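A quick write-up on the structure given underneath.
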Amino acid sequence: EAGTIMRAKGAEMKDCVKVAVRVRPFNKRERDAGGRCIISMASSTITIQDPRNSQSPRSFCFDYAYWSHSGFTRDCSGLYVPEEPGGRYADQGSVFQDLGEGILENALQGYNATLLAYGQTGSGKSYSMVGYGPNKGLVPTLCDKLFQAIRANQDSRQCQVFFSMLEIYNEQVVDLLSRGSRSPGGLRVREEQQRGFYVEGLRRVPCDSVEQLMEQGTRMRTTATTHMNANSSRSHMLIILQLKQVSHIAHITKQSNINLVDLAGSERQRVSGSEADRLKEGTAINLSLTTLGNVISALADVAVGKKVVHIPYRDSVLTKLLQSALGGNSRTVMIAALSPADICYEESISTLRYAERAKRIQNRAVVNESPTERLVKELKAENARLLQRLSRLGQEGRRAEDETSRRWKEGGRTLWEQHLQEALKDWEQQYTTITQERRMMQMHPYILNINEDTQLSGVVKLFIQEGESLNCPRLQIQERHAVFINVQRRVYLTPLAGSNVIVNGTPISQKTELQHLDRLILGSNSTYLFIGYPSERGGDDWSRYDYDYFQSELAAAEGINLHSLCEDAVPSQTDPSLLAVFYDYIKLMPMVAEANQMSQELHKGVEFKLEIKNLALSDSKGHDLEKEICVVVSPQVWLWSKAKFVNRKFLMEELYQQYHTERKGEGAAKAPMPRDRDPFWDPLEPLLLGSAHLWLQSLAFRIALEEQLEVLGSEGTEEAILQAQLLPCSPTGLTLGEDDILIDPSELLGRRLDFQLVLDQCCGLRWVQQARNRGVQIGFRMFDSAQPLYTPAVWHNVNPLLDQRVHFTSLHTSQGLLEHLQTSALVLELWGLQGLNSMCVCVCVCVCVLQTVDPGSELSCSLRALQQDVEELRNTNAALKTENNTLRDQLNTSRTGQTYTEQLNCQVLSCDAEFARALKVFYHSMTSVRVQLQRLRRHRPSESDILGLRLFVDEQGGLLRDFSELLEQSVSSLKQDVAAIVRRKRERSGIWS
């Protein structure tokens, strides 16, 4: 009833969500990679530049724009401030002045207020929200100012503040201030008509400061993240401040909620439009963020007048709790955090688009006020009766009224003080633990946790005292995983049988002495930094040993680093996509390790392995510019994209938690999961094994080409040898001879071109050698063909005969087709088949028409006529061959009676034919040169030792010598052939003259 009165009394105010954008400095990873700033700012307008297309910048306008990328210095107290007074750098204070003070003022007036922080992982959300050291963020500064305002007005009104802190991960709500054990499945979100959505059982702590509570929540968040095997960058954190104000003068109660939300990181998904995961709808990890985007989009459409049938608030836990903040009774501010680096372009442009939609949302905020509680009414009624009875007493009556009011105030304050005392006792117990921990840090060596979220790093400390110290159990860490032994001020680490322990990027299997600042990985991804005795610490900078450092070190030990990925390019000159792939790799490494460990514990028999896919293998020009990450799943072989693997990994976590819940007896055992819902399994599907490039340049001269092509996998391994031919031919399919060779390819423009692709045989199939029940298909797409074509599947054969012939026809050769023939290759893809599956659109002997001009009525008629004529032309093929042979015989017999002019013309034609044959030999040789060049580009040193490097240098030298000799022979042969042709032509011309 009170809630209904509150809404009725307030005056509704319609206003839009205010959006601010903040650009952070480069982080260490971006500086090391030679990152380039692609964001500029003018007033409240943000402009972002596509690093691959400098001609198409995008601009966005917001309520506030903060430049925190450059132009700052650090003062003696550790504060980051502008280098010059009035500089453009936006420090924490200026951000709070614009955003925090407005939220505070709204809350004190009785409005609900919400602050959302959005952006990719590592974009600076937590710095803006929480800050670190003396650079306090919005949340602690807002709370400090709130309590200052309360103390300044305590004579005129009584204020009570309740603090709650929770985390949402995988649609589960965790109370970060709970004193009890975590309930399976998390807390439940319920709904009441007056309260709306709320978290049942969420602890509300009365407080007059929040610093200790935030520290307690952060420690609990680290423990919860560890227990759930959760990645903090994929979880949402909510801080809820409930402010209740009771006016002593007007007898009015105002109650407002302040929601401070640090959203999960918005990650880049490099997914092709054709990819779809059959279990995509099963994952809950991204549900809240996805649903939030859908809610924002729907509300943005409503704001511009579009008809929206449904706004999906109920589709996720986060949007349920934020319903009032988005389109409801709240004044809302969103701060979007951006990275300015070129390697983060995709995430940054996505964040800007998200924020642009959010600024259109309109809220309807009201002041939440009502008359004070029934107690006040009863006291006022009783006071009136007393005044009537004591009216004759005059001054004494007024003293009675004052006494009644004083008792009411003291009663309220006494109850509030009791709540504060209880909260203070809880904090004193935790403070005792923290004090003891700090004392032990000055006495013993220890290991501290390193988390992807810097706010959670260094929270967990495990001290290594004299004797043995065992690690705490966690996902992927056994109950007895390793032994730390501290003997005579030396610390040793010994892995136990079956456990995985890595020190400084190298796995260990025996007792190892630890040195100060050694990096430890226990299990699949529990990362710790070893801190030695105080005497060993000195003035070392520990901050550089962040999460990225651990993963980069581990990747380097596996032979993956920026140099190997980007070949010989200087990092500052490397394509941003290559850098992004490298950081994708090191980010997926721990996830793959965890997935392998879960597969082992759940007895799935599945192994995951990271692979860098070279997109040049599918590029018709053979450019080696882009790569992408994929995950190979075996023993049944699947190839999962990054997005698909991440999705499946979160589903694996759900299955893993369910498995351990059943083992502990916390839930009833369930029937085995059906295979079609198992995240470790997929239906058998074709797998792209590799590709080969059949260069088309000879077709531009109408020269036949016969090649033995190496089919190379994504890692440069030879998967097979493919025998293929390109045969220029007549419309009837008759192969053209040397007399039809062109000297100038431009003669093809506007004319009809026919040629055939012949796939003879595939030899040495490694895919079938590994398992004889497998098969293969060859797929290809010529120029602008509407869809790819595939040969029929062949099974159980290491050296299968393909015997496939495809006839291609261009009715009107365009400049585009001619350039394609001269500069590109036909990419022949080798697809591995497992089970009874195959690709579609199979071909045997067929005619394909290349669409080289815009389709029109005349062209359509020609195409139909061509289709009708194919059969007739085939039937007359034999007759044409007979006629051709007859004409050749007649030509040979008539040469003896030719005139001088006829002999001269014939001699010219003969010279042209000789020149054409020389060109044919040259282009055959150049094809071999091109293959040798590709081998050189893909040749990489082994990752072993100095001996391996010497072998690589010798091999590389040999390849270079072969390449040089082959190229020199090809050019020399062409020169000799051309010189001989010219000499003979001059001699014959001199005789006839």
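Source: prediction; values computed, not measured.
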Taking atom [atom1] of [X] and atom [atom2] of [Y], what is their separation to the nearest 0.5 Å?
{"X": "R151", "Y": "L146", "atom1": "CZ", "atom2": "CG", "result": "9.5 Å"}
{"X": "D91", "Y": "N135", "atom1": "CG", "atom2": "CG", "result": "8.5 Å"}
{"X": "D98", "Y": "I103", "atom1": "CG", "atom2": "CD1", "result": "11.0 Å"}
{"X": "C344", "Y": "N27", "atom1": "SG", "atom2": "CG", "result": "7.5 Å"}
{"X": "I168", "Y": "L166", "atom1": "CD1", "atom2": "CG", "result": "6.0 Å"}

Minimum-distance pair of heavy atoms, taken over all atoms of [X] and [Y]:
{"X": "V261", "Y": "M129", "result": "O-CE, 3.7 Å"}
{"X": "Y80", "Y": "R74", "result": "OH-NH1, 3.5 Å"}
{"X": "V130", "Y": "M214", "result": "CG1-CE, 4.2 Å"}
{"X": "V23", "Y": "P340", "result": "CG1-CB, 3.7 Å"}
{"X": "L99", "Y": "I335", "result": "CD1-CD1, 4.2 Å"}

State, without any angle test, whether [X] and [Y] hold a side-chain donor-acceptor pair at a distance under 3.5 Å.
{"X": "S126", "Y": "D262", "result": "yes"}
{"X": "N112", "Y": "N257", "result": "no"}
{"X": "E105", "Y": "Q109", "result": "yes"}
{"X": "T351", "Y": "Q120", "result": "no"}
{"X": "T73", "Y": "E83", "result": "no"}
{"X": "S324", "Y": "S330", "result": "no"}
{"X": "D75", "Y": "S77", "result": "yes"}
{"X": "S56", "Y": "N53", "result": "yes"}

Would you say the side-chain atoms of [X] pair up with the backbone N or O of [Y], donor to acceptor, closer than 3.5 Å?
{"X": "S123", "Y": "L338", "value": "no"}
{"X": "K359", "Y": "C61", "value": "yes"}
{"X": "R22", "Y": "A90", "value": "yes"}
{"X": "H516", "Y": "G532", "value": "yes"}
{"X": "D518", "Y": "Q515", "value": "yes"}
{"X": "N449", "Y": "V460", "value": "yes"}
{"X": "D63", "Y": "A20", "value": "no"}
{"X": "T332", "Y": "T114", "value": "no"}

Is the ring pair W67/H69 parallel, tilted or perpendicular, if the boundaries are 30 and 60 degrees?
perpendicular

Please work out which of the three classes, parallel, tilted or perpendicular, describes the rings of Y66 and Y64, given edges at 30° and 60°.
parallel

Looking at K136 and D144, does any basic side-chain N land under 4.0 Å from a carboxylate oxygen?
yes

Salt bridge check: are D584 and K642 linked by an N-O gap of less than 4.0 Å?
yes

Kindly indicate, with the supporting measurements, whether the criterion side chain to side chain donor-acceptor pair (under 3.5 Å) is fulfilled by T291 and T319.
CA-CA 7 Å; T291 305; T319 48; 5.2 Å; no

Would you sort out whether E30 and R24 count as a salt bridge (Lys or Arg N to Asp or Glu O under 4.0 Å), showing the intermediate values?
CA-CA 12 Å; E30 293 160 349; R24 64 158 172 77; 2.9 Å; yes

Given the ring of Y111, does R331 sit roughly above its face, with NZ or CZ under 6.0 Å from the centre of the six-membered ring and within 45° of the axis?
yes

Does K125 make a cation-pi contact with Y118, if we ask for NZ or CZ under 6.0 Å from the ring centre and within 45° of the axis?
no

Would Y132 and Y127 count as a close aromatic pair, with their ring centres under 6.0 Å?
yes

